[in-house]
Amino acid sequence: MKTSYKINASMVLVTFFTYSLGYAQVAEKIGGMWEGLVDKKILHMDVVTLKPEDGYVAAELVVAEPGCSGGIAGVGQVKGNLMTLSQYMANKDESACVVTMQFDEKGTVVKVSESSCSDFHGASCNFFGEMRRVRSN
């Protein structure tokens, strides 16, 4: 019986270059779509790799729960299993919202915490919680 295998050339090239750059963790463990449900709060995050050799990513994080919603989008950097995402602030006197994400070793769960982010979601909700990756890039 003859078996036929189809290989997506672009996927092979992306995988090859990601590994050859030595920063496969961004693409393998962090890039993609993440979602979480904490009580009635929904967390959603999309992460796209920008510069894998230096760990730079672009990400958007959204929170929604009864009576409250918000989000942040920005550039983040991954170091080990930790990613920090901050909103660009044109006025340097303002406090920047910083979201910290701690990924598990398998790259399937992320714990989210924040600092100075109430301007981005209001006083009655927050970015704290846990998400699971539902789709990789």
Side-chain angles (χ1 to χ4, degrees):
M1 185 171 174
K2 187 176 179 180
T3 304
S4 170
Y5 295 97
K6 287 186 176 182
I7 297 176
N8 184 334
S10 62
M11 190 59 153
V12 171
L13 288 173
V14 167
T15 303
F16 171 77
F17 285 117
T18 301
Y19 280 100
S20 68
L21 290 171
Y23 210 91
Q25 182 180 28
V26 173
E28 289 293 318
K29 290 188 176 181
I30 296 173
M33 183 186 304
W34 297 77
E35 292 181 348
L37 180 62
V38 182
D39 294 322
K40 294 180 180 181
K41 176 173 45 177
I42 298 169
L43 290 168
H44 176 87
M45 179 173 69
D46 286 311
V47 180
V48 177
T49 304
L50 296 176
K51 194 172 179 187
E53 66 272 19
D54 293 329
Y56 287 105
V57 297
E60 178 183 34
L61 176 64
V62 177
V63 60
E65 60 183 293
C68 181
S69 66
I72 179 175
V75 175
Q77 187 170 23
V78 179
K79 292 183 180 180
N81 284 350
L82 192 67
M83 180 175 98
T84 55
L85 173 67
S86 59
Q87 178 74 28
Y88 171 76
M89 301 300 283
N91 183 352
K92 297 299 179 188
D93 294 335
E94 293 181 73
S95 295
C97 170
V98 177
V99 180
T100 304
M101 293 139 204
Q102 179 71 46
F103 295 87
D104 71 341
E105 293 298 322
K106 293 180 182 179
T108 57
V109 177
V110 60
K111 292 182 181 177
V112 183
S113 61
E114 68 169 61
S115 174
S116 302
C117 296
S118 62
D119 289 346
F120 297 93
H121 53 59
S124 60
C125 64
N126 56 53
F127 293 130
F128 289 94
E130 190 172 283
M131 294 182 287
R132 295 191 176 278
R133 187 163 70 167
V134 295
R135 188 186 75 216
S136 59
N137 285 350

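Counting from 1, the numbers follow the sequence of the chain as shown. A quick note: this is a predicted structure, and the numbers were derived from the prediction, not measured.
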For Glu130, what residues pass the side chain to side chain donor-acceptor pair (under 3.5 Å) criterion, not counting sequence neighbours?
none
Using side chain to side chain donor-acceptor pair (under 3.5 Å) as the criterion, list what pairs up with Ser115, not counting sequence neighbours.
none
How long is the span from the CZ atom in Phe120 to the OG atom in Ser69, to the nearest 0.5 Å?
14.0 Å
Of Leu61, Val99, Val63, which meets side-chain contact (heavy atoms from CB on, under 4.5 Å) against Cys117?
Val99
Determine the minimum heavy-atom distance between Phe103 and Ile30, stating which atoms define it.
CZ-CG2, 3.5 Å
Output the rest of the hydrophobic cluster of Ile42: all Ile, Leu, Val, Met, Phe, Trp and Tyr residues reachable through side-chain heavy-atom contacts under 4.5 Å, sorted by chain and number.
Leu37
For the NE2 atom of His44 and the CH2 atom of Trp34, what is their distance to the nearest 0.5 Å?
12.5 Å
Under 3.5 Å, is there a donor-acceptor pair between the Asn81 and Glu105 side chains?
yes
side-chain contact (heavy atoms from CB on, under 4.5 Å), paired with Met45, selected from Arg133, Met131, Glu60:
Met131
Could you note down all residue pairs passing side chain to side chain donor-acceptor pair (under 3.5 Å) where residues 120-129 supplies at least one of them, sequence neighbours left out?
Lys41-Asn126, Glu114-His121
Under the disulfide bond (SG atoms under 2.5 Å apart) definition, can you give me all pairs with a residue in residues 56-87, not counting sequence neighbours?
Cys68-Cys125
Quick check: closest heavy atoms across Ile72 and Cys97, and the distance to 0.1 Å?
CD1-SG, 3.4 Å
Hydrophobic cluster (4.5 angstrom, side-chain heavy atoms) - remaining members for Met33:
Val134
Are the side chains of Gln77 and Val75 in touch, meaning some heavy atoms are under 4.5 Å apart?
no
Give every residue pair that meets the ring-ring contact (aromatic ring centres under 6.0 Å, His included) criterion with at least one member in residues 58-82, sequence neighbours excluded.
none
If the condition is side-chain contact (heavy atoms from CB on, under 4.5 Å), which residues does Thr100 pass it with, not counting sequence neighbours?
Leu82, Thr84, Val98, Ser113
